[in-house]
Amino acid sequence: MNRVGIAVLGTVVTATLTIWLLAGCSKATRDKILPYFFDGFSGGSSNPAVPTRRIRRDLLADIQTLKRELVDARAAAKAVERPLETKPPVEQAKEWEQVVELLPRDGAGRVDWVQALKSGTVAPRPSADPQAPAQAVLDLDVELSDAGSRIFRAVYPHAPHTAWLACGNCHPAIFPLGRKAAPAKITMQKVRAGGQCGVCHGKVAFNVDGECSRCHRAIPAKSEWRPTEEPRAPMERAASWSEAVKLLPDALGTPDWVQALGRDLVKPRPGVDPKVEDAPQLPLDVELVPTTNPLFKVVFPHAAHTGWLTCENCHPAIFQMARGADPITMEKVFAGEYCGRCHGKVAFELTACGRCHPALAGPK
Amino acid sequence: MRPLLRGLSAAMILAGVLASSTAQGVDGDIAFKRKPGEEGSTPPAVFPHWFHRIRYKCYACHPSIVEMKAGANAITMDAISGGKFCGVCHNGKIAWEVSFNTCPRCHVEK
């Protein structure tokens, strides 16, 4: 028994001594040996706080992963549900005629796609991938100045454009970017020819005709103007020339403005300023007799002319005051000189020969 | 010689008639033209003379507001919005004001 007891004691003492000796060794030796004997002793690191932190970090990472998966799962579930929940009625339409009935219109009566998007009438998806996020809208207005004019500067709003388009749709191919890129001058000529803004506008975006104020904002209409004065003559109600001409007396196929004035069918104001008074008519007929052919005598009635015009409209720029000072010929008149300054344009046609040449008037 | 002269002057008169009847649309309307190289821009304005003459006598505008000669008036939108030419009346007081909402009233595609 004693020998067994001594052997056991010897072994225990030896083991204790060995461990004690080893523990007293350098850190490297201890780290190398001790993990063989004891569980939970991690070699390589002597700091006991690290394992705890690492475990906590792992747990936090797991939580984050789970959270992310939950968000993704919810989003996926929503994406599956979305077509049923938010598909706008416009998407049910099969024909353009049906679609156009549902879409908002702009001032010119055309489809206003920006408003359609804003109002939710259309809800276009950003991608075929249901989980793809929509591009952020860039709320940046750019003023495009016109060096030649005070009023023609335009405002380009990125916001409604980036609600439909990606940056790369326009930059840099259509509109170069960057300091080194020299942007081409934007002109209505180029736009209307299908360049610059005209790549879309006039095709898939609003047309430039009649939509000026959507880009050019320098002089907006303050209010819809209404005439403050009652029409002075029925003809002032005419909305078109075809309506007006029906109310005008006819002389040899052309409107007789002189008769219209004499019969009060028109009552034109003498001046822009309502205080301006009408100038008196001059009752003076002037006979112009060609020396080569006295038959073509002309009678010029000042009265008919001064009903519409003042002396300085014609004298002395068009007709000198001295009789016979102007070499008037029909060729020159047809070329737009002398009487031709008005006749054939705003006064009766030059084919109404008899109105000036009594000999050509024919039987009355 | 005389028939030849008569024929010539008749031809000139006919040419004149054709020119005067094709140059205008409605009686007396003035269809402005773009400067060479600027064609295809916003349509140039058309001034309806008839609409104005049934309201105002010739001398209400000529020559104090607009010279009575084609090309003699440097009409620009800046000048108009500054109260010159059409802007004497088209200011929202005497007549509707010129704005970017009213462009197509004058600038009509022909």
Side-chain angles (χ1 to χ4, degrees), chain A residues 107 149-152 187-189 192-193 208-210 212-213 216-225 227 232-233 235-236 238 241 244-245 254-255 257 266 268-272 276 278-279 307-310 312-313 317-318 330-331 333-336 340-342 344-347 349-351, chain B residues 9 12-13 15-17 19-21 23-30 34 37-43 48-65 68-70 76-78 80-82 88-90 92-104 107 109:
Chain A
S149 169
R150 191 171 54 82
I151 58 170
F152 281 105
T187 67
M188 287 311 295
Q189 199 182 14
R192 293 171 70 90
V208 293
D209 288 327
C212 316
S213 63
H216 298 280
R217 302 174 186 174
I219 37 172
K222 289 174 197 87
S223 59
E224 187 57 41
W225 177 84
R232 282 159 59 110
M235 204 180 294
E236 288 187 23
W241 172 242
V245 78
T254 55
W257 288 103
V266 288
R269 295 150 187 83
V272 168
V276 171
D278 217 340
W308 286 97
L309 299 150
T310 55
E312 55 265 32
N313 285 143
I318 303 170
M330 277 317 290
E331 282 78 8
V333 171
F334 274 115
R341 287 287 291 275
C342 290
K345 295 169 187 165
V346 292
E349 293 288 337
L350 298 167
T351 44
Chain B
S9 58
M12 283 181 81
I13 287 169
V17 170
S20 66
S21 59
Q24 312 291 322
V26 175
D27 258 28
D29 278 7
I30 296 173
R34 288 270 168 222
E38 288 182 10
E39 300 91 350
S41 187
T42 303
H49 240 125
W50 74 269
F51 191 94
H52 292 82
R53 76 179 302 171
I54 66 174
R55 289 165 175 81
Y56 290 94
K57 291 196 174 188
C58 312
Y59 59 78
C61 307
H62 300 300
S64 58
I65 299 168
M68 218 165 64
K69 190 168 174 59
T76 64
M77 287 312 298
D78 279 274
I80 292 169
S81 78
V88 171
C89 289
H90 286 281
K93 289 171 193 144
I94 297 169
W96 51 265
E97 72 182 320
V98 166
S99 78
F100 282 105
N101 294 312
T102 51
C103 313
H107 296 273
E109 197 88 59

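Residue numbering restarts at 1 for every chain, and letters A, B, ... go by the order of the sequence lines.
Note that the CD atom of A:E236 and the CZ atom of B:R55 stand 5.0 Å from one another [nearest 0.5 Å]. Distance check: A:R150 CZ to B:D78 CG gives 5.5 Å after rounding to the nearest 0.5 Å.
Interface remark: B:K93 contributes backbone atoms only to the contact with chain A (heavy atom separation under 4.5 Å). No part of A:A317 comes within reach of chain B, as not one of its non-hydrogen atoms sits under 4.5 angstrom from that chain. Of the two parts of A:A238, the backbone and the side chain both hold a non-hydrogen atom closer than 4.5 Å to a non-hydrogen atom of chain B. Contact annotation for A:P227: neither backbone nor side-chain heavy atoms come within less than 4.5 Å of a heavy atom of chain B. Interface residue B:H62: backbone and side-chain heavy atoms are both found under 4.5 Å from chain A. Using a 4.5 Å cut-off between heavy atoms, B:T102 does not touch chain A at all.
Among the candidates B:S81, B:A95, B:G82, the residue making the largest number of heavy-atom pairs closer than 4.5 Å to chain A is B:A95. Heavy-atom pairs under 4.5 Å with chain B were tallied for A:V333, A:T254, A:D278, A:V266; the largest tally goes to A:D278. For the options A:T187, A:V245, A:V272, heavy-atom pairs under 4.5 Å to chain B are most numerous at A:V272.
The number of heavy atoms from other shown groups lying within 6.0 Å of OH (B:Y59) is above 12.
Across all non-hydrogen atoms, the minimal contact from B:W50 to B:D29 is CD1-OD1, 3.8 Å.
Two rings, from A:F152 and B:F100, have their centers less than 6.0 Å apart.
Formation of a donor-acceptor pair under 3.5 Å by the A:K345 side chain with backbone atoms of A:G340 is found in this model.
Considering only residues two or more places apart in sequence or on other chains, B:N101 meets the side-chain contact (heavy atoms from CB on, under 4.5 Å) condition with A:S213, A:A221, B:S99.
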